[in-house]
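Scroll down for the structure; my scribbles are underneath it.
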Amino acid sequence: MINVCLACDDNYAKYAGVVIASALANAAKDDYLNFYILDGGIKNKNKEKLLELKSVKDCNIEFIEIDNSLFIDYMDVKTHSYISLPTFYRLKLPSLLPNVKRVIYFDCDFVINSSLKELFNIRMGSYPIAGVRDINKKITKKNPNYVNAGMLVMDIENMRKINAEKIFLDWTKEHFDTIKVGDQEIINEALKGQIMLVDDAWNVQSSNFTNRSSFTKNPKAIHFVAKKKPWHFASFSYHRPLYFKYLQLTPWKMGKKELRHWTFDNQIASLFEYVKYRPLFLLRPKFYEALIKTYIYPLFEYKKPVIKSNTFIVWEPCSKSHSEVVPGFCKYLLDSGYHVSVIVNPQKYKEGLFSRFKDENLTLNKLSRNQVKEFFKKDALSNAAGILVTTAGKLCDSIHYDECYETFNPDMDKSKLFLVEHEAKHAVDAGLWKENLITLRKLNYKGAKSVVVNPHYFGEVKITPKNETVTNFITIGAIQGKKKNNDLIINSVKELHERGIHNFKITVVGKGHLKKLPKEIQKYFDIKGRLPFDKMYEELEKADFMLTSYNKKDPMHIRYNTTGTSGNFQLVYGFLKPCIIVEEFAPLNGFNRENAILYKEDENYADALIEGINMSQDSYSKMQGKLREYEQKLYIESLNNLKKLVTGG
């Protein structure tokens, strides 16, 4: 457990929320953060918002109500005009947190950019306090170990041993008239020689974009020390964009228009304000260096997907197909405790791929193909928990899987990469199949094994009963498509028509032309054309049965029973629509006569349709129930398989 302490009144609750959100977003998977908020009068409404931050990552948030009368001796201590009484609360932490041994204290004008585990676990020996040297050279020249008090590792046990509270109070009373920098001066002078220094990266004191601290490489925590904070218009800090990044993770997040005002418009205004504030800096080369880093470099930075604490990236590299599996894989990872950052062709979002799927730990990134390529080449993904590529065949030839690594930064940890293969035949035949590859279904070919993870979750869908009057059969894919055995469907519809059976329809989600069908049966077909995902989901909810028309002798169809699978099955499981399927293909895909309608030969297909038409609503409901049993079993097995693969268990 990592203990973190902040102090604020209601005015600073929002900014405390940004500190907490940034700490949680950058926490490692096994970090558990325990926040103590020293409450100087936070209203219930803002307390509720602070508690909502648990959605970023599970944590504990505890409010410690403060009696300000305990700080009467500090009320008139001279300090910066913008600093309020809660900043002095830290001076009494041993009393305020009687059962706590150590905390990291942060002011509320911070953002945290790293896991706090390393900082919390530093070896302090007998030191009561550790911090980062202040950037004020005049002060540190006199006292080299003078720290900025915005971030302090406070070993409360050691503070109790030396009775630090009394030391602070006695020093304050003795030097009351000469104190200029409030609690920071009290801590540094009262404990002079007893404060340990830590890496500067833990308190990058960002006052303006030319100070020496601003360009610390890989800052782990950023402190906005200037009077003008990021939430003040035309503030100067080089790191200001990070504040708004983490603000967007909180209940106080901004709308797009407001965010643009505070980022883009503010960026321009800050430059002019800064020149007015320090015109002589125009004569310093460092000003122009800062100018380039602040305004020019960002124009050429590659765009990145959102990576928070414990993020798993799910990437579908195929721009045309297979994206329907992405929501299902995301669901498994979310249920495994990860934040999931999705990369797919942005057009798929517009088509409603995630129209039924909302989760606060799910981020949908919009990156172009070139931006994705650049990101994976440049970023070693050290902060990501893993990367799931949902179509390995787009990165290699589906035989030589080591070629997939060439897409990524050479420094990336290869153990973080997980691949989904949709067609195992080529690699199995070549003797290069890898058993740690993910397939959507168990393989039935030459004894090959894989990690079976079936993604059949599409979000909140309606599980509907059977239509009372007209039975609705649905088929996904072009009605004249080359890969489908459409003559089987067409001839069976003809047979039903000739036998006087008319209370049914065939909904086709895919290309096709009624004019190419026999005239007498055109009335039974409702050809929707290619639909976006949201519209396809609606049609599935209206349907009763999913039609499949596999030819068990066709090599293109045999793969659905050996080395590959069909997207139709994912829809059957996800929407609980019993399917019409040839008996030979049923067992491997989880179907039997209790949860599907099976037929033996093509000549029995019409009878299978009639069975569906004549099925009562009660029998249909029972069939759906059996299908649900299998779906739930498949989900649990898939979830456990993925967890085991990812954790190496």
Side-chain angles (χ1 to χ4, degrees), residues 1-7 19-20 22-28 31 33-36 87 90-91 93-94 97 100-137 139-162 164 167-168 181-207 211-225 237-239 242 382-383:
M1 183 179 290
I2 300 170
N3 296 320
V4 179
C5 183
L6 302 111
V19 181
I20 293 171
S22 65
L24 293 172
N26 289 287
D31 289 353
L33 276 70
N34 188 31
F35 293 95
Y36 295 101
T87 195
R90 76 195 84 181
L91 300 179
L93 274 189
L97 302 176
V100 177
K101 296 180 179 180
R102 179 183 285 196
V103 297
I104 306 173
Y105 179 92
F106 283 106
D107 281 344
C108 294
D109 52 356
F110 259 83
V111 292
I112 294 153
N113 213 34
S114 173
S115 164
L116 294 172
K117 183 187 293 185
E118 175 191 344
L119 180 64
F120 186 74
N121 291 321
I122 58 169
R123 293 184 180 180
M124 292 178 62
S126 60
Y127 285 105
I129 284 175
V132 170
R133 184 182 285 114
D134 196 85
I135 59 171
N136 189 319
K137 290 182 179 179
I139 294 177
T140 55
K141 191 173 182 179
K142 296 177 183 177
N143 180 359
N145 279 29
Y146 188 101
V147 297
N148 179 281
M151 186 289 296
L152 298 172
V153 184
M154 306 182 79
D155 191 306
I156 297 178
E157 279 193 325
N158 286 344
M159 290 178 72
R160 290 191 186 101
K161 287 177 183 177
I162 64 172
I167 293 172
F168 292 146
V181 199
D183 62 298
Q184 178 167 292
E185 186 174 345
I186 294 168
I187 290 168
N188 277 284
E189 296 303 330
L191 295 182
K192 192 171 184 178
Q194 299 182 72
I195 297 176
M196 186 178 98
L197 293 179
V198 298
D199 185 352
D200 288 356
W202 287 112
N203 186 349
V204 173
Q205 295 151 60
S206 186
S207 61
N211 74 8
R212 66 182 174 82
S213 180
S214 287
F215 300 115
T216 302
K217 288 184 178 180
N218 302 317
K220 296 176 180 177
I222 294 134
H223 187 188
F224 300 104
V225 294
S237 173
Y238 167 71
H239 297 100
L242 283 173
S382 56
N383 292 331

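For clarity, every value in this text was computed on a predicted model and none was experimentally measured.
- In terms of the ring-ring contact (aromatic ring centres under 6.0 Å, His included) criterion, residue partners of Phe110 (sequence neighbours excluded) are, by chain and number, Phe106, His223.
- Residues Val153 and Met196 are not in side-chain contact: their nearest non-hydrogen atoms beyond the backbone lie 4.5 Å or more apart.
- When all heavy atoms of Trp202 and Ser115 are compared, the closest pair comes out as CH2-O, 3.3 Å.
- Contact between Val4 and Leu116 at its shortest, heavy atoms only, is CG2-CD1, 3.8 Å.
- To the nearest 0.5 Å, atom CZ of residue Phe120 and atom CD1 of residue Ile2 are 7.0 Å apart.
- Across every non-hydrogen atom of Cys5 and Leu93, the tightest pair is SG-CD2, 3.9 Å.
- A donor-acceptor distance shorter than 3.5 angstrom exists from the side chain of Asn158 to the backbone of Gly125, with no hydrogens or angles considered.
- Tyr105 and Ala149 get closest at one heavy-atom pair: CD2-O, 4.2 Å.
- The CG atom of Asp31 sits 10.0 Å away from atom CG of Asn26, with the distance rounded to the nearest 0.5 Å.
- Residues Ile167 and Leu191 form a side-chain contact, since some pair of their non-hydrogen atoms from C-beta on lies under 4.5 Å apart.
- In this structure, Arg133 contributes its side chain and Asp200 its backbone to no donor-acceptor pair below 3.5 Å.
- By the salt bridge (Lys or Arg N to Asp or Glu O under 4.0 Å) test, Lys101 is found to be paired with no residue, residues two or more places apart in sequence or in another chain being considered.
- No donor-acceptor distance shorter than 3.5 angstrom exists from the side chain of Arg90 to the backbone of Leu152, with no hydrogens or angles considered.
- Residues Glu189 and Tyr146 form a side-chain contact, since some pair of their non-hydrogen atoms from C-beta on lies under 4.5 Å apart.
- In this structure, Ile156 and Pro94 approach most closely via the heavy-atom pair CG2-CA, 3.6 Å.
- Here the CD-CD1 distance, from Glu185 to Ile139, works out to 7.5 Å after rounding to the nearest 0.5 Å.
- In this structure, CE in Met151 is found 7.5 Å from CD1 in Ile104, a value given to the nearest 0.5 Å.
- In this structure, the side chain of Asn188 engages the main chain of Val147 through a donor-acceptor pair within 3.5 Å.
- To the nearest 0.5 angstrom, Asn203 atom CG is 4.5 Å from Asn148 atom CG.
- At a threshold of 4.5 Å between non-hydrogen side-chain atoms, the residues His239 and Asn113 do not count as touching.
- Met159 and Met154 make their closest contact through CE-CE, 3.7 Å (heavy atoms, listed as atom of the first residue, atom of the second, distance).
- Asp107 contributes no side-chain N or O that, together with a main-chain N or O of Asp109, makes up a donor-acceptor pair within less than 3.5 Å.
- The salt bridge (Lys or Arg N to Asp or Glu O under 4.0 Å) analysis of residues 142-160, with sequence neighbours excluded, yields the pairs Arg102-Asp155.
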Could you go step by step and tell me if Asp183 and Phe168 meet the side chain to side chain contact (heavy atoms under 4.5 Å, CB included) rule? CA-CA 9 Å; Asp183 62 298; Phe168 292 146; over 6 Å; no

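- You'll find the side chain of Leu24 reaches within 4.5 Å of the side chain of Phe35, heavy atoms only.
- A donor-acceptor pair under 3.5 Å is formed between the side chain of Asn145 and the backbone N or O of Ile195.
- If you take CG on Leu33 and CE on Met1, they are separated by 9.5 Å, rounding to the nearest 0.5 Å.
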